[in-house]
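This is a predicted model, so every value here is computed, not measured.
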Amino acid sequence: MTLKETPRLLIISFSRLVGDARVLKQIALFRDRYAVATIGYGPAPDGAARHIAIPDELPLWRWPRIPLILKQYRRAYWSNPAIAFARRALSDVAADAVLANDVEAAGLALEIVPGERLHSDLHEYAPRQKEDVPRWRIFVQPFVTWQVRTFVARAGSHSTVGQRIAREYAARFGFTPTVVTNAAPYAECEPTPTGPTIRLVHSGACLADRGIDEIITAVESSSAALTLDLYLTPNDPAYLDSIRARVADSTRVTLHDPVPYAELGATLRRYDVGVHFLPPVNFNNANALPNKLFDFVQARLGIVVGPSPEMAAIVTERGMGAVAGAFTAEALRAVLDALAPARVDEWKRAVHASARALSAEEAVGPWRDALARILGGPRTNRPRLLIVSFSTLVSDARVLKQIARFRDEYAVTTVGYGPPPTGVVDHIEIPARHPIYRYPKARVLMRDYAGAYWGNAAIAAARDALRGRRFEVALANDVEAAGVALEAVPGSRLHADLHEYAPRQREELRRWRIALAPFVRWMVRRFVSQAASVTTVSGGLARAYRDEFGLPASVVTNASPFIDLPPRSTGSPIRLVHSGAGLANRGIHRMIDAVESSTAEVTLDLYLTRNDPRYMDELRRRCSASSRCTLHDPVPYDELIETLSAYDVGVFVLPPVNFNYLWALPNKLFDFVQARLGIITGPSPEMAAIVSGHSLGAVTADFTAAALQRVLDELEAGTVDEWKRAADRAAHPLSSEGEVEQWARAIGTLTDRGR
């Protein structure tokens, strides 16, 4: 392969590259495969064919204050001196792919390559990085969240450092990073015997929230024969001085200058046990899986950590050390008091047995695979999938699940309202000024249904944008999307996903029933009936499509993605919650009536979207006068389940005012399950079957406030805790991961027809 033929990879990191272990592993992995260019602070790292050094006097953290305070986030981002310099310096750099390290690098990367040729490596959970600092939480956290949604979410692939952080990105932003741990390169060495005095070591940043004081206290007070050596970088000079003063006269604890990373492994090998005790002052500390754990492994040391879930799991499962019961000096001292040379030698042997499995060489596979898909060919040959939905895609949970399932196997193009969702190669945005419900009235009344359909401004815009474009397969969401999709693929390669039973959607309204229901039935017969396969959201709706139109619809429920979230104990009062559309026909006022009149100690919190402003104003007046009911603004969907998890019971009693309400099986039921709540529903057949079948809660006798009150009157904390445990057991079987495979099978079959 000539140099000209070698794919060009740009690695961006706003760090000092020669001291950044994670970035150095990326360069080492790719320098023999691609022509690697780098940009970051400091001198050129080994293996970079070209390097652009960002001046040290332009630190990344110096964001312009005024745009940040005014929430002018785009201006704040591009006005940052480091980013502005990098943007100018990269103006003449061509790349076939970019590997962007951390959130701040993603926007810059998208100036150079489209999203499908960008891999974003996230070194931590950025939106909660310094959440323990109020000023950061107020001003910087929303800005970082904006960067994730605006830039990072557009990357074709993602990776991060641990499973819990990956799940948090998936839950909040809709993309699921692969995990590349901060494993150290494999070291060919043997464990050394432990002497009578056990030598402990800790290395890393000297920061007050790293638990260093607790480690020193535990060592000084331990009854075991041991010493502690500290190798600390001067991140907080004042705190480092306090540590220096504290250990100056100690006979057990010694403070050293830090050593270069290249020398760290040899330095650590002189010791017996590596200690890392990280209090969970923020989300990233709580879920840390840091370099030093893997440095200890490659140095063949026993390991002692606090009860940090990711670290504790590795240490415990592999028998490599001990986990303190709490993040206190007393808990750590209890572990140290039990240390003995023979026990440490057992740990060292277990570490040695796991060293290769926990090495960087084993960990970096997802990086290699991601860049191979971008630069090595398979991704460029992906079949083209068109997804059409006349909804705001970035907040449409069902469509987002479709995109997440197909984005790695297909080149996905979307049509819909709002900005592009994560993982698509192209997006056609329908102007918000063209709402889908605005059909030409005269044509509908004259039953000129073809004219009414194609005369709809939203449908016409989508048709024009898709003209001349072809796809192997298409997925049309809801009845209105099917005709547009059939302009791009034949029916034999169209899958229709019907989110409700469209012909009876608003049947409680006489005007709708007379004028629009026949038009909707025409769309089903004219367009949807051409689809090779059909899915819908519940069994009752599937039967209706089969009975009236002969459509062989199968069911893909509105299940939510699985979230690993333990149930919380129920206190007093029992906290009820309801979220969703603020519509009068949802019976929300009846829920308020039941709570207000119940003899049980209960409260109700409502998170409602302003679909019906007049009804919302009525609910607001009622809640403002109530000591039990609180009305909140809605929260973004990626924050909903965490918000719900603070409550005890999710309530949804939906009066069957139309066919779709009768057979509803909505998102919120599954959101309640993933939030590990008990559930109370009305006797809606589909919801009641799931709640009763999984023992998730209670079903009211009818849809009245009195029936709900009777259930509430009998509520007890112990019963709710049983429901929550049942929700925890049902969280996996009722998650979306299994459901979406029905789409995968259908689309796979249709794709084969298009080849």
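Although no hydrogens or angles enter the test, the distance criterion places no donor-acceptor pair under 3.5 Å between the side chain of Arg610 and the main chain of Gly582. Judged by distance alone, the side chain of Asn658 and the main-chain N or O of Arg506 form no donor-acceptor pair under 3.5 Å. Ser684 places no side-chain N or O within 3.5 Å of a backbone atom of Glu686 that could act as its donor or acceptor partner. The closest donor-acceptor contact from the side chain of Tyr453 to the backbone of Phe519 lies at 3.5 Å or more, if one exists at all.
When side chains are defined from C-beta on, Arg167 does not count as touching Ile563, because their heavy atoms never get closer than 4.5 Å. Contact check for Pro573 versus Val602: no side-chain heavy atoms found under the 4.5 Å cut-off. Within the 4.5 Å cutoff, the side chain of Leu708 has no heavy atoms near those of the Phe703 side chain. Considering only heavy atoms from C-beta on, Thr557 comes within 4.5 Å of Phe670 through its side chain. Using a 4.5 Å heavy-atom threshold, the side chains of Leu662 and Pro685 count as touching. With contacts defined as side-chain heavy-atom distances shorter than 4.5 Å, the pair Leu385/Ile387 qualifies. At a threshold of 4.5 Å between non-hydrogen side-chain atoms, the residues Arg398 and Ser389 do not count as touching. Here the side chains of Leu644 and Phe672 are in contact, with some heavy-atom distance below 4.5 Å.
A salt bridge links Arg622 with Asp593: the closest approach of a Lys/Arg side-chain nitrogen to an acidic carboxylate oxygen falls below 4.0 angstrom. Between Arg620 and Asp617 there is a salt bridge, since at least one side-chain N of the basic residue sits less than 4.0 Å from a carboxylate O of the acidic one. The pair Glu409-Arg405 meets the salt-bridge criterion, since a charged nitrogen lies less than 4.0 angstrom from a carboxylate oxygen.
Sparse packing is recorded around NE2 of His732, with 12 or fewer heavy atoms of other residues, nucleotides or ligands lying under 6.0 Å away. In the displayed structure, Glu716 atom CD is contacted under 6.0 Å by at most 12 heavy atoms of other residues, nucleotides or ligands.
Separation of the His578 and Phe652 ring centroids falls under the 6.0 Å cut-off.
Within the cation-pi definition used here (under 6.0 Å to the ring centroid, within 45° of the axis), Arg676 does not qualify as a partner of Trp723.
Side-chain atoms of Ser391 and Asp396 include a donor-acceptor pair closer than 3.5 Å. Between the side chains of Glu131 and Asn284, not a single donor N or O lies within less than 3.5 Å of an accepting N or O. Counting only N and O atoms by type, the side chains of Asp605 and Tyr647 include a donor and acceptor under 3.5 Å apart. Checking Thr535 against Trp743 by side-chain atom types alone, a donor-acceptor pair falls below 3.5 Å. If you check the side chains of Gln709 and Ser597, you find a donor sitting under 3.5 Å from an acceptor.
Considering all non-hydrogen atoms of both residues, Tyr545 and Ala553 come closest at CB-CB, 4.5 Å. Nearest heavy-atom pair across Leu606 and Cys623 is CD1-SG, 4.1 Å. Of all heavy-atom pairs spanning Thr700 and Gly682, the tightest one is OG1-CA, 3.2 Å. Across Ala726 and Ser695, no two heavy atoms sit closer than the pair CB-O, 3.2 Å. Considering every non-hydrogen atom in both Val528 and Leu551, the closest pair reads CG1-CD1, 3.8 Å. Minimum heavy-atom separation, Pro421 to Leu400: CB-CD2, 4.0 Å.
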*Assess whether side chain to side chain contact (heavy atoms under 4.5 Å, CB included) is satisfied between Leu608 and Leu631, documenting all intermediate values.*
CA-CA 8 Å; Leu608 303 178; Leu631 178 60; 3.7 Å; yes
*Give the C-alpha distance, both sets of side-chain angles, the deciding distance and a yes or no for side chain to side chain contact (heavy atoms under 4.5 Å, CB included) between Thr145 and Phe173.*
CA-CA 9 Å; Thr145 301; Phe173 297 100; 3.9 Å; yes
*Can you check side chain to side chain contact (heavy atoms under 4.5 Å, CB included) on Ile436 and Tyr439, steps first, answer last?*
CA-CA 7 Å; Ile436 186 63; Tyr439 290 97; 4.1 Å; yes
_Residues Asn558, Glu739; criterion side chain to side chain donor-acceptor pair (under 3.5 Å); working and verdict_ = CA-CA 9 Å; Asn558 279 315; Glu739 291 292 310; over 6 Å; no
_Verdict with reasoning, His434 to Tyr417, per side chain to side chain donor-acceptor pair (under 3.5 Å)_ = CA-CA 9 Å; His434 297 323; Tyr417 295 101; over 6 Å; no
*Show the numbers, then the answer: is there a side chain to side chain donor-acceptor pair (under 3.5 Å) between Asp497 and His495?*
CA-CA 7 Å; Asp497 184 52; His495 178 84; 4.9 Å; no
*Please test Tyr607 against Val577 for side chain to side chain contact (heavy atoms under 4.5 Å, CB included), starting from the C-alpha separation and ending with a verdict.*
CA-CA 8 Å; Tyr607 293 84; Val577 67; 3.9 Å; yes
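Judged as a side-chain hydrogen bond (donor to acceptor under 3.5 Å, both in side chains), the pairs with a partner in residues 512-525 (not counting sequence neighbours) are, in order, Arg521-Glu548.
The aromatic rings of Phe143 and Trp146 lie parallel to each other, with less than 30° between the two planes, well short of the 60° mark.
Taking CG of Asn585 as the start and CG of Asp612 as the end, the distance is 9.0 Å to the nearest 0.5 Å. Taken to the nearest 0.5 Å, the CD1 atom of Ile574 stands 6.5 Å off from the CG atom of Asp648. The CG atom of Leu677 sits 9.5 Å away from atom CZ of Arg568, with the distance rounded to the nearest 0.5 Å. Summarising the geometry, atom CG belonging to Asp132 is positioned 13.5 Å from atom CZ belonging to Phe283; distances are rounded to the nearest 0.5 Å. A distance of 10.0 Å separates NZ of Lys441 from CG of Leu516, quoted to the nearest 0.5 Å. Between Ser735 atom OG and Gln674 atom CD the span is 6.0 Å, to the nearest 0.5 Å.
In this structure, Glu722 has no salt bridge (Lys or Arg N to Asp or Glu O under 4.0 Å) partners at least two apart in sequence or on a different chain.
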